[in-house]
Protein chains: 2
Amino acid sequence: MIELMSSFHPTEQRLAITRRRHPAFPREPAVLVRLIKHIYKRVHDDANALLKPWGINHPEYNLLMMLYGTDGYTLNPSQLAEAAGEKSANITRLTNELCDKGLIERTASDEDRRKIALSLSKAGIAMIESFLPDICTLLERQASGLQPREMAQLEKLLKKFLDQLEQG
Amino acid sequence: MIELMSSFHPTEQRLAITRRRHPAFPREPAVLVRLIKHIYKRVHDDANALLKPWGINHPEYNLLMMLYGTDGYTLNPSQLAEAAGEKSANITRLTNELCDKGLIERTASDEDRRKIALSLSKAGIAMIESFLPDICTLLERQASGLQPREMAQLEKLLKKFLDQLEQG
DNA sequence: GGCATTTAGTACATAAATGTACTATCTACA
DNA sequence: TGTAGATAGTACATTTATGTACTAAATGCC
(Lines give C-alpha, C1' and ligand atoms only; values in the text may rest on other atoms or scores of the structure.)
Protein backbone atom coordinates (compact mmCIF):
# COMPACT_ATOMS: atom_id res chain seq x y z
CA MET A 1 0.00 0.00 0.00
CA ILE A 2 1.41 3.30 -1.07
CA GLU A 3 1.09 6.17 1.36
CA LEU A 4 1.97 9.69 0.34
CA MET A 5 4.39 11.12 2.84
CA SER A 6 3.81 14.65 3.89
CA SER A 7 6.79 16.96 4.03
CA PHE A 8 6.35 16.78 7.75
CA HIS A 9 7.48 13.18 7.86
CA PRO A 10 11.14 13.93 8.64
CA THR A 11 10.00 15.90 11.65
CA GLU A 12 8.09 12.92 12.95
CA GLN A 13 11.07 10.76 12.33
CA ARG A 14 13.19 13.06 14.44
CA LEU A 15 10.62 13.07 17.19
CA ALA A 16 10.72 9.30 17.29
CA ILE A 17 14.48 9.33 17.70
CA THR A 18 14.24 12.02 20.34
CA ARG A 19 11.79 9.91 22.30
CA ARG A 20 14.08 6.94 22.05
CA ARG A 21 16.73 9.05 23.70
CA HIS A 22 14.51 10.82 26.18
CA PRO A 23 11.31 8.80 26.65
CA ALA A 24 9.58 11.50 28.69
CA PHE A 25 9.55 13.87 25.72
CA PRO A 26 5.85 14.38 25.00
CA ARG A 27 5.18 13.57 21.40
CA GLU A 28 1.86 15.25 20.79
CA PRO A 29 2.60 18.67 22.26
CA ALA A 30 5.94 18.71 20.45
CA VAL A 31 4.35 17.81 17.13
CA LEU A 32 1.78 20.54 17.56
CA VAL A 33 4.35 23.17 18.37
CA ARG A 34 6.49 22.21 15.41
CA LEU A 35 3.51 22.21 13.07
CA ILE A 36 2.48 25.64 14.29
CA LYS A 37 5.94 26.94 13.69
CA HIS A 38 6.19 25.58 10.15
CA ILE A 39 2.78 26.91 9.27
CA TYR A 40 3.47 30.32 10.72
CA LYS A 41 6.72 30.72 8.83
CA ARG A 42 5.10 29.72 5.60
CA VAL A 43 2.15 32.05 6.03
CA HIS A 44 4.52 34.85 6.92
CA ASP A 45 6.65 34.31 3.83
CA ASP A 46 3.64 34.03 1.53
CA ALA A 47 2.21 37.28 2.84
CA ASN A 48 5.51 39.09 2.48
CA ALA A 49 5.85 37.94 -1.09
CA LEU A 50 2.34 39.00 -1.98
CA LEU A 51 2.64 42.42 -0.35
CA LYS A 52 6.01 43.35 -1.80
CA PRO A 53 4.55 45.17 -4.82
CA TRP A 54 2.74 47.52 -2.44
CA GLY A 55 5.93 48.32 -0.59
CA ILE A 56 4.81 46.92 2.74
CA ASN A 57 5.56 43.74 4.64
CA HIS A 58 3.53 41.32 6.72
CA PRO A 59 3.83 43.10 10.08
CA GLU A 60 2.87 46.41 8.49
CA TYR A 61 -0.06 44.71 6.79
CA ASN A 62 -1.17 43.37 10.14
CA LEU A 63 -1.15 46.80 11.70
CA LEU A 64 -3.12 48.26 8.82
CA MET A 65 -5.67 45.48 9.07
CA MET A 66 -6.09 45.95 12.81
CA LEU A 67 -7.02 49.57 12.16
CA TYR A 68 -9.21 48.61 9.22
CA GLY A 69 -11.08 46.26 11.55
CA THR A 70 -11.80 48.98 14.09
CA ASP A 71 -14.68 51.45 14.14
CA GLY A 72 -13.23 54.82 13.28
CA TYR A 73 -10.09 53.18 11.91
CA THR A 74 -8.27 54.26 15.06
CA LEU A 75 -6.30 52.65 17.89
CA ASN A 76 -3.67 53.67 20.41
CA PRO A 77 -0.18 52.26 20.08
CA SER A 78 -0.74 49.97 23.03
CA GLN A 79 -4.03 48.66 21.69
CA LEU A 80 -2.35 48.10 18.37
CA ALA A 81 0.49 46.22 20.03
CA GLU A 82 -1.99 43.99 21.81
CA ALA A 83 -4.08 43.46 18.69
CA ALA A 84 -1.19 42.64 16.41
CA GLY A 85 0.82 40.69 18.96
CA GLU A 86 3.83 42.95 18.59
CA LYS A 87 6.00 44.30 21.37
CA SER A 88 5.36 47.94 22.01
CA ALA A 89 8.87 49.00 21.05
CA ASN A 90 8.24 47.48 17.66
CA ILE A 91 5.01 49.39 17.21
CA THR A 92 6.86 52.67 17.40
CA ARG A 93 9.14 51.74 14.55
CA LEU A 94 6.43 50.19 12.39
CA THR A 95 3.99 53.05 12.85
CA ASN A 96 6.75 55.54 12.10
CA GLU A 97 7.27 53.83 8.78
CA LEU A 98 3.57 53.74 8.04
CA CYS A 99 3.36 57.43 8.85
CA ASP A 100 6.28 58.17 6.57
CA LYS A 101 4.45 56.32 3.83
CA GLY A 102 1.36 58.39 4.50
CA LEU A 103 -0.79 55.36 5.31
CA ILE A 104 -1.64 56.29 8.88
CA GLU A 105 -1.79 59.47 10.92
CA ARG A 106 -0.89 60.30 14.50
CA THR A 107 -3.01 62.62 16.59
CA ALA A 108 -2.53 63.57 20.21
CA SER A 109 -5.36 62.70 22.53
CA ASP A 110 -7.11 65.39 24.56
CA GLU A 111 -8.62 63.31 27.34
CA ASP A 112 -5.32 61.65 28.21
CA ARG A 113 -2.32 63.47 26.94
CA ARG A 114 -0.06 60.48 27.28
CA LYS A 115 -2.08 58.81 24.56
CA ILE A 116 -1.69 58.96 20.81
CA ALA A 117 -4.33 58.05 18.27
CA LEU A 118 -3.21 56.14 15.22
CA SER A 119 -5.67 56.35 12.34
CA LEU A 120 -5.77 55.04 8.83
CA SER A 121 -5.45 57.83 6.28
CA LYS A 122 -7.47 57.94 3.07
CA ALA A 123 -4.40 56.65 1.31
CA GLY A 124 -4.12 53.84 3.84
CA ILE A 125 -7.70 52.76 3.30
CA ALA A 126 -7.24 52.98 -0.45
CA MET A 127 -4.13 50.84 -0.32
CA ILE A 128 -5.85 48.23 1.82
CA GLU A 129 -8.72 48.05 -0.61
CA SER A 130 -6.31 47.68 -3.47
CA PHE A 131 -4.51 44.68 -2.04
CA LEU A 132 -7.45 42.99 -0.32
CA PRO A 133 -8.62 41.10 -3.40
CA ASP A 134 -5.20 39.47 -3.70
CA ILE A 135 -5.11 38.81 0.03
CA CYS A 136 -8.51 37.16 -0.12
CA THR A 137 -7.32 34.92 -2.91
CA LEU A 138 -4.22 34.00 -0.96
CA LEU A 139 -6.16 33.23 2.23
CA GLU A 140 -8.61 31.09 0.34
CA ARG A 141 -5.87 29.20 -1.40
CA GLN A 142 -3.99 28.66 1.86
CA ALA A 143 -7.04 27.15 3.51
CA SER A 144 -8.31 25.34 0.44
CA GLY A 145 -7.10 21.98 1.71
CA LEU A 146 -9.71 22.05 4.45
CA GLN A 147 -13.46 21.54 4.25
CA PRO A 148 -15.59 24.22 5.97
CA ARG A 149 -16.37 21.65 8.63
CA GLU A 150 -12.67 21.06 9.23
CA MET A 151 -11.88 24.75 9.38
CA ALA A 152 -14.47 25.22 12.09
CA GLN A 153 -13.05 22.29 13.98
CA LEU A 154 -9.52 23.58 13.62
CA GLU A 155 -10.57 27.00 14.80
CA LYS A 156 -12.17 25.53 17.89
CA LEU A 157 -9.11 23.50 18.77
CA LEU A 158 -6.66 26.32 18.16
CA LYS A 159 -8.70 28.60 20.39
CA LYS A 160 -8.65 26.05 23.12
CA PHE A 161 -4.91 25.73 22.72
CA LEU A 162 -4.41 29.48 22.81
CA ASP A 163 -6.64 29.88 25.85
CA GLN A 164 -4.51 27.43 27.77
CA LEU A 165 -1.31 29.14 26.65
CA GLU A 166 -2.55 32.48 27.82
CA GLN A 167 -3.56 31.47 31.26
CA GLY A 168 0.00 30.32 31.80
CA MET B 1 -26.36 32.99 30.04
CA ILE B 2 -22.83 33.92 30.85
CA GLU B 3 -20.20 33.02 28.33
CA LEU B 4 -16.54 33.37 29.12
CA MET B 5 -14.86 35.41 26.42
CA SER B 6 -11.54 34.19 25.22
CA SER B 7 -8.80 36.74 24.75
CA PHE B 8 -9.29 36.13 21.08
CA HIS B 9 -12.66 37.83 21.09
CA PRO B 10 -11.37 41.26 20.05
CA THR B 11 -9.80 39.64 17.02
CA GLU B 12 -13.13 38.20 16.00
CA GLN B 13 -14.74 41.53 16.55
CA ARG B 14 -12.26 43.12 14.20
CA LEU B 15 -12.83 40.44 11.62
CA ALA B 16 -16.54 41.15 11.72
CA ILE B 17 -15.93 44.83 11.07
CA THR B 18 -13.48 43.99 8.30
CA ARG B 19 -16.10 41.84 6.63
CA ARG B 20 -18.65 44.59 6.90
CA ARG B 21 -16.25 46.77 4.96
CA HIS B 22 -15.01 44.15 2.56
CA PRO B 23 -17.54 41.32 2.40
CA ALA B 24 -15.30 39.06 0.30
CA PHE B 25 -12.79 38.80 3.14
CA PRO B 26 -12.86 35.11 4.06
CA ARG B 27 -13.51 34.79 7.77
CA GLU B 28 -12.34 31.26 8.47
CA PRO B 29 -8.96 31.36 6.77
CA ALA B 30 -8.27 34.74 8.35
CA VAL B 31 -9.19 33.49 11.82
CA LEU B 32 -6.96 30.48 11.39
CA VAL B 33 -4.00 32.52 10.29
CA ARG B 34 -4.40 34.95 13.16
CA LEU B 35 -4.73 32.15 15.68
CA ILE B 36 -1.61 30.49 14.33
CA LYS B 37 0.27 33.71 14.64
CA HIS B 38 -0.79 34.38 18.22
CA ILE B 39 0.00 30.84 19.26
CA TYR B 40 3.37 30.87 17.58
CA LYS B 41 4.44 34.10 19.24
CA ARG B 42 3.38 32.84 22.61
CA VAL B 43 5.15 29.53 22.24
CA HIS B 44 8.26 31.34 21.05
CA ASP B 45 8.26 33.72 24.02
CA ASP B 46 7.64 30.93 26.53
CA ALA B 47 10.52 28.91 25.15
CA ASN B 48 12.86 31.88 25.18
CA ALA B 49 12.02 32.60 28.80
CA LEU B 50 12.55 29.01 29.85
CA LEU B 51 15.85 28.66 28.02
CA LYS B 52 17.40 31.89 29.19
CA PRO B 53 19.17 30.32 32.20
CA TRP B 54 21.02 28.03 29.81
CA GLY B 55 22.21 30.93 27.71
CA ILE B 56 20.43 29.87 24.54
CA ASN B 57 17.30 31.03 22.77
CA HIS B 58 14.45 29.32 20.97
CA PRO B 59 16.03 29.13 17.50
CA GLU B 60 19.24 27.75 18.96
CA TYR B 61 17.21 25.22 20.94
CA ASN B 62 15.48 24.16 17.76
CA LEU B 63 18.77 23.54 16.01
CA LEU B 64 20.09 21.51 18.92
CA MET B 65 16.92 19.44 19.00
CA MET B 66 17.07 18.75 15.27
CA LEU B 67 20.54 17.27 15.77
CA TYR B 68 19.42 15.43 18.89
CA GLY B 69 16.65 13.85 16.82
CA THR B 70 19.05 12.56 14.19
CA ASP B 71 21.01 9.31 14.18
CA GLY B 72 24.62 10.23 14.76
CA TYR B 73 23.61 13.69 16.03
CA THR B 74 24.78 15.11 12.71
CA LEU B 75 23.32 17.15 9.86
CA ASN B 76 24.57 19.44 7.12
CA PRO B 77 23.77 23.13 7.29
CA SER B 78 21.24 22.81 4.52
CA GLN B 79 19.51 19.85 6.12
CA LEU B 80 19.44 21.76 9.36
CA ALA B 81 17.93 24.78 7.62
CA GLU B 82 15.22 22.60 6.13
CA ALA B 83 14.55 20.82 9.40
CA ALA B 84 14.37 23.92 11.52
CA GLY B 85 12.61 26.08 8.97
CA GLU B 86 15.35 28.70 8.99
CA LYS B 87 16.82 30.46 6.00
CA SER B 88 20.29 29.19 5.22
CA ALA B 89 21.98 32.51 5.90
CA ASN B 90 20.58 32.34 9.38
CA ILE B 91 21.96 28.86 9.94
CA THR B 92 25.48 30.14 9.46
CA ARG B 93 25.09 32.69 12.20
CA LEU B 94 23.28 30.39 14.62
CA THR B 95 25.69 27.51 14.18
CA ASN B 96 28.62 29.87 14.61
CA GLU B 97 27.22 30.84 17.97
CA LEU B 98 26.59 27.24 18.96
CA CYS B 99 30.16 26.39 17.98
CA ASP B 100 31.49 29.28 20.02
CA LYS B 101 29.56 27.92 22.98
CA GLY B 102 31.05 24.50 22.39
CA LEU B 103 27.68 22.83 21.88
CA ILE B 104 28.23 21.65 18.33
CA GLU B 105 31.21 20.90 16.12
CA ARG B 106 31.94 21.44 12.46
CA THR B 107 33.75 18.88 10.38
CA ALA B 108 34.54 19.00 6.71
CA SER B 109 33.06 16.21 4.63
CA ASP B 110 35.34 13.96 2.59
CA GLU B 111 32.88 12.68 0.02
CA ASP B 112 31.73 16.14 -0.99
CA ARG B 113 34.04 18.90 -0.01
CA ARG B 114 31.36 21.54 -0.35
CA LYS B 115 29.62 19.97 2.59
CA ILE B 116 30.07 20.53 6.28
CA ALA B 117 28.94 18.20 9.04
CA LEU B 118 27.41 19.78 12.12
CA SER B 119 27.41 17.47 15.13
CA LEU B 120 26.34 17.79 18.72
CA SER B 121 29.30 17.78 21.07
CA LYS B 122 29.29 15.96 24.40
CA ALA B 123 28.62 19.27 26.04
CA GLY B 124 25.74 19.89 23.66
CA ILE B 125 24.12 16.57 24.47
CA ALA B 126 24.65 17.18 28.16
CA MET B 127 23.04 20.58 27.97
CA ILE B 128 20.05 19.19 26.07
CA GLU B 129 19.57 16.55 28.68
CA SER B 130 19.77 19.12 31.41
CA PHE B 131 17.01 21.32 30.03
CA LEU B 132 14.77 18.62 28.60
CA PRO B 133 12.91 17.96 31.85
CA ASP B 134 11.89 21.60 32.01
CA ILE B 135 11.01 21.60 28.33
CA CYS B 136 8.84 18.52 28.79
CA THR B 137 7.00 20.22 31.61
CA LEU B 138 6.48 23.31 29.51
CA LEU B 139 5.20 21.36 26.51
CA GLU B 140 2.81 19.41 28.66
CA ARG B 141 1.50 22.51 30.32
CA GLN B 142 1.08 24.28 26.99
CA ALA B 143 -1.01 21.45 25.62
CA SER B 144 -2.82 20.66 28.84
CA GLY B 145 -5.99 22.35 27.68
CA LEU B 146 -6.55 19.62 25.12
CA GLN B 147 -7.64 16.04 25.58
CA PRO B 148 -5.48 13.40 23.86
CA ARG B 149 -8.30 12.91 21.41
CA GLU B 150 -8.31 16.61 20.61
CA MET B 151 -4.55 16.77 20.20
CA ALA B 152 -4.69 14.00 17.64
CA GLN B 153 -7.46 15.78 15.82
CA LEU B 154 -5.58 19.06 15.89
CA GLU B 155 -2.46 17.39 14.60
CA LYS B 156 -4.36 15.89 11.71
CA LEU B 157 -5.92 19.20 10.73
CA LEU B 158 -2.69 21.17 11.02
CA LYS B 159 -0.93 18.66 8.82
CA LYS B 160 -3.61 18.99 6.23
CA PHE B 161 -3.28 22.75 6.41
CA LEU B 162 0.50 22.60 6.08
CA ASP B 163 0.33 20.19 3.17
CA GLN B 164 -1.85 22.58 1.26
CA LEU B 165 0.43 25.50 2.07
CA GLU B 166 3.44 23.65 0.80
CA GLN B 167 2.06 22.64 -2.50
CA GLY B 168 1.50 26.28 -3.25
C1' DG C 1 -2.31 70.16 47.53
C1' DG C 2 1.78 67.07 47.43
C1' DC C 3 4.14 62.76 46.75
C1' DA C 4 4.50 57.77 45.30
C1' DT C 5 2.97 54.70 41.90
C1' DT C 6 1.28 53.36 37.55
C1' DT C 7 0.65 53.94 32.67
C1' DA C 8 1.59 55.46 27.63
C1' DG C 9 4.85 56.05 24.57
C1' DT C 10 9.45 56.40 22.67
C1' DA C 11 14.79 56.45 22.00
C1' DC C 12 18.55 54.00 21.73
C1' DA C 13 21.52 50.03 21.88
C1' DT C 14 21.56 45.31 20.84
C1' DA C 15 20.14 41.02 18.84
C1' DA C 16 17.97 38.30 15.24
C1' DA C 17 16.61 37.48 10.46
C1' DT C 18 16.85 38.16 5.56
C1' DG C 19 18.53 39.19 0.70
C1' DT C 20 22.19 39.25 -2.33
C1' DA C 21 26.29 38.33 -4.08
C1' DC C 22 30.21 35.55 -3.97
C1' DT C 23 33.59 31.24 -3.66
C1' DA C 24 34.44 26.56 -4.09
C1' DT C 25 33.07 22.24 -5.44
C1' DC C 26 30.54 18.90 -7.87
C1' DT C 27 27.82 16.89 -12.03
C1' DA C 28 26.62 16.20 -16.65
C1' DC C 29 27.43 15.83 -21.11
C1' DA C 30 29.46 17.54 -25.50
C1' DT D 1 38.78 16.16 -20.83
C1' DG D 2 36.72 20.59 -20.31
C1' DT D 3 33.25 23.52 -19.85
C1' DA D 4 28.27 25.01 -18.49
C1' DG D 5 25.29 24.73 -14.99
C1' DA D 6 23.88 23.27 -10.43
C1' DT D 7 24.72 22.98 -5.39
C1' DA D 8 26.69 23.94 -0.49
C1' DG D 9 28.00 27.24 2.28
C1' DT D 10 29.25 31.84 3.84
C1' DA D 11 30.20 37.12 4.08
C1' DC D 12 28.33 41.28 4.29
C1' DA D 13 24.80 44.87 4.17
C1' DT D 14 20.31 45.74 5.42
C1' DT D 15 16.00 45.10 7.68
C1' DT D 16 13.34 43.63 11.54
C1' DA D 17 12.68 42.70 16.44
C1' DT D 18 13.61 43.03 21.34
C1' DG D 19 15.25 44.79 25.99
C1' DT D 20 16.10 48.59 28.81
C1' DA D 21 15.95 52.85 30.35
C1' DC D 22 13.83 57.11 30.10
C1' DT D 23 10.12 61.20 29.90
C1' DA D 24 5.65 62.86 30.56
C1' DA D 25 1.30 62.46 32.17
C1' DA D 26 -2.37 60.44 34.95
C1' DT D 27 -4.03 58.25 39.31
C1' DG D 28 -4.46 57.29 44.07
C1' DC D 29 -3.76 58.21 48.67
C1' DC D 30 -2.37 60.69 52.78
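First the proteins, then the strands, lettered A, B, ... as listed; each starts at 1.
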Of the options [options], whose atoms approach the side-chain atoms of [X] most closely?
{"X": "A/Ser88", "options": "C/dT10, C/dC26, D/dT10", "value": "C/dT10"}
{"X": "A/Lys87", "options": "D/dA24, D/dG19, D/dG9", "value": "D/dG19"}
{"X": "B/Arg114", "options": "C/dT25, C/dT18, D/dT16", "value": "C/dT25"}
{"X": "B/Ile116", "options": "C/dA16, C/dA17, D/dT10", "value": "D/dT10"}
{"X": "A/Lys115", "options": "C/dA8, C/dT10, C/dT18", "value": "C/dA8"}
{"X": "B/Asp112", "options": "D/dT18, C/dG9, C/dT25", "value": "C/dT25"}
{"X": "A/Ala89", "options": "C/dT25, C/dA16, D/dT20", "value": "D/dT20"}

Donor-acceptor pair under 3.5 Å, B/Arg113 side chain vs C/dT25 base =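 Check fails, no donor-acceptor contact within cut-off.
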
Pairwise distance NE2(A/His58) to CG(A/Leu51) - rounded to 0.5 angstrom =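 Rounded to the nearest 0.5 Å, the NE2-CG separation comes out at 7.5 Å.
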
Thinking salt bridges, do [X] and [Y] make one under a 4.0 Å N-O criterion?
{"X": "B/Arg21", "Y": "A/Glu129", "value": "no"}
{"X": "A/Glu150", "Y": "B/Lys156", "value": "no"}
{"X": "A/Glu166", "Y": "A/Lys159", "value": "no"}
{"X": "A/Lys87", "Y": "B/Asp45", "value": "yes"}

How many Å lie between CD on A/Glu86 and P on D/dT16, as a whole number?
->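 It is 12 Å, rounded to the nearest whole Å.
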
Enumerate the residues from residues 51-80 of chain B whose closest heavy atom to DNA chain C is under 4.0 Å, giving them by residue number; use none for an empty result.
->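 Under 4.0 Å from DNA chain C: B/Asn57, B/Pro59.
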
If only side-chain N and O atoms of A/Arg106 are considered, is one of them under 4.0 Å from the OP1 or OP2 phosphate oxygen of C/dT10?
->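 Checking C/dT10 against A/Arg106, a side-chain N or O does come within under 4.0 Å of OP1 or OP2.
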
Geometric cation-pi criterion, A/Arg34 with A/Phe8: 6.0 Å, 45° =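 A/Arg34 over A/Phe8 ring: no.
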
B/Thr11 versus B/His38, closest heavy-atom pair with distance |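 That closest heavy-atom pairing would be OG1-NE2, 4.4 Å.
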
Let me know, please, whether A/Ile91 or A/His44 comes out on the 5' side of the other along DNA chain C by nearest nucleotide.
->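 With A/Ile91 and A/His44 compared, the 5'-side residue is A/Ile91.
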
